[in-house]
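Computed from a prediction, not measured in an experiment: that's the story for all the values here.
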Amino acid sequence: MKENPQIARIAVFASGNGSNAENIIRYFNDPAAVNGGSAEVALVICNRPEAPVLARAAALGVPTETITRSLLNDETRFMELMEKHGIDFIALAGFLLMIPPFLISRFSGRIVNIHPSLLPRYGGKGMYGRHIHEAVVKAGERETGITIHHVSENCDEGAIIFQAGVDLDTTDTPEDVERKIHALESIHYPKIISTLVSSL
Ligand code: GRF
C-alpha cells in the first residue's frame with residue numbers, strides 16, 4: 001500500500017504512553033517542518049492493547065496494529081504486515097519487546113531506537129522507563145540525556161547516531177528527570193528521523 005513512492009512511510013513501534021509517537025506523527029504532518037512532507041507515519045505497532053499510544057495514533061488518523069510477541073517473531077506474517085502498509089523505516093519509541101534478527105536484517109540501517117540516557121550508561125537489561133531515571137537520581141548524576149541509535153541484536157548496543165544531554169539539579173526527582181528527558185526527546189527525535197529518512 002504505497003500511494004506516493006516519494007513519501008517515506010514510517011512505522012512507529014511503541015508499548016506505552018506514546019508521547020514520542022505523537023510528536024513524530026505531528027512533526028511529519030506539519031508541512032512547515034524540515035522535511036515535514038517527505039515522510040509520514042503510516043502505522044503504529046503496539047503490543048499492549050491497553051496502551052494509550054493506540055488512542056493517540058487513532059485520534060491523529062494513523063492506522064494501528066496490535067501485535068503479539070509471536071506475531072512479531074513470525075517472519076512471514078510480520079513481513080506481510082510491513083508490506084501491507086508499505087513500510088520503509090521503523091522508529092522504536094518505548095517499545096518493550098526485543099526486535100527479532102530477521103527484522104533487523106530486512107530493515108538494515110532503517111530501524112532506530114531512542115533511549116532515555118546517555119548510553120552506554122544506564123542501558124541494557126532492566127533499564128527502561130522510570131527505572132532509568134530512578135537509577136540516575138540514586139547515583140547522584142549531574143547530567144543525563146538521550147541517545148538515538150541503530151537497533152542491533154543486543155539491547156541498547158547499536159551504533160549511536162545522536163546524543164543530547166541535560167543538566168540535573170540535586171533536588172530533581174525521577175519525575176523531574178523524566179520531564180526533562182521528554183522535552184529533549186520531543187525536540188530531537190522527529191528531526192533525526194527526518195534526516196535519516198531523507199537519505200533513504
Ligand atoms: C521514552 O523516554 C523513550 O526514550 C523510551 O521510552 C519512553 C517512552 O515514552 N524508550 P513515551 O511512551 O513516548 O511517552
Is the shortest heavy-atom distance from the side chain of His131 to the side chain of Tyr122 under 4.5 Å?
-> no

Backbone of Gly124 reached by a side-chain donor or acceptor of Asp156 within 3.5 Å = yes

Between Leu54, Leu43, Val41, which is the residue that forms a side-chain contact (heavy atoms from CB on, under 4.5 Å) with Val62?
-> Val41

List the steps, then state whether side chain to side chain contact (heavy atoms under 4.5 Å, CB included) holds for Ile10 with Glu40.
-> CA-CA 6 Å; Ile10 300 167; Glu40 65 176 310; over 6 Å; no

Drop me the distance from Glu185's CD to Ile24's CD1, to the nearest 0.5 angstrom.
-> 9.5 Å

Assess whether side chain to side chain contact (heavy atoms under 4.5 Å, CB included) is satisfied between Ser19 and Arg56, documenting all intermediate values.
-> CA-CA 8 Å; Ser19 66; Arg56 287 185 187 247; 4.1 Å; yes

Okay, side chain of Ser186, backbone of Ala183: is any donor-acceptor separation there less than 3.5 Å?
-> yes

Could you please spell out the steps behind the side chain to side chain contact (heavy atoms under 4.5 Å, CB included) verdict for Ile161 and Leu196?
-> CA-CA 10 Å; Ile161 300 164; Leu196 294 169; 4.0 Å; yes

How far apart are the C-alpha atoms of Glu157 and Ser152, what are their side-chain angles, what is the distance that settles it, and do they pass the side-chain hydrogen bond (donor to acceptor under 3.5 Å, both in side chains) test?
-> CA-CA 6 Å; Glu157 288 182 13; Ser152 73; 5.6 Å; no

Got a donor-acceptor contact below 3.5 angstrom from the Thr195 side chain to the Lys191 backbone?
-> yes

Taking every heavy atom of Gly165 against every heavy atom of Glu143, the minimum-distance pair comes out as CA-OE2, 3.8 Å

Give the ring-plane orientation class for Phe162 versus His188, where under 30° counts as parallel, over 60° as perpendicular and anything between as tilted.
-> tilted

Are Ile187 and Ile146 in one and the same hydrophobic cluster, where Ile, Leu, Val, Met, Phe, Trp and Tyr link if side-chain heavy atoms are under 4.5 Å apart?
-> no

To the nearest 0.5 angstrom, please state how far the CZ atom of Arg110 sits from the CG atom of Asp88.
-> 6.5 Å

So which heavy atom on Val44 is nearest to which on Ala57, and how close?
-> CG2-CB, 3.7 Å

Short N-O contact, Lys84 and Glu65, less than 4.0 angstrom = yes

Are Arg26 and Glu22 close enough for a salt bridge, meaning some N to O gap below 4.0 Å?
-> yes

In Å and rounded to the nearest 0.5 Å, what is the OG1 to NE2 distance from Thr173 to His133?
-> 10.5 Å

Between Glu75 (side chain) and Phe102 (backbone), is there a donor-acceptor pair under 3.5 Å?
-> no

Taking all heavy atoms of Leu71 and all of Phe78, pick out the closest pair and write down the distance.
-> O-CB, 3.5 Å

Might you point out which heavy atoms bring Ser117 and Thr147 nearest each other, and give the distance in Å?
-> O-OG1, 2.7 Å

Please check if Ile193 and Leu184 belong to a single hydrophobic cluster, counting links between Ile, Leu, Val, Met, Phe, Trp and Tyr side chain heavy atoms closer than 4.5 Å.
-> yes

Only residue of Leu72, Ile67, Asn73 satisfying side-chain contact (heavy atoms from CB on, under 4.5 Å) with Arg69 is Asn73

How long is the gap from CG on Asn20 to NE2 on His182, to the nearest 0.5 Å?
-> 5.5 Å

Heavy atoms only: give me the nearest Ile87-Ala42 pair and the separation to one decimal.
-> CD1-CB, 4.1 Å

More than 12 heavy atoms from other groups under 6.0 Å of CZ on Arg106 | no

Between Arg130 and Pro174, what is the shortest heavy-atom contact and its length?
-> CD-CB, 3.9 Å

Connected via hydrophobic side-chain network under 4.5 Å: Leu118 and Met127 | no

So if you build clusters from Ile, Leu, Val, Met, Phe, Trp, Tyr with side-chain heavy-atom gaps below 4.5 Å, do Val197 and Ile192 land together?
-> yes

If you group Ile, Leu, Val, Met, Phe, Trp and Tyr by side-chain heavy-atom gaps below 4.5 Å, do Val136 and Tyr128 land in one group?
-> no

From CD (Glu141) to CG (Asp167), nearest 0.5 Å = 12.0 Å

Are Asp169 and Lys180 ion-paired here, with the side-chain N under 4.0 Å from a carboxylate O?
-> yes

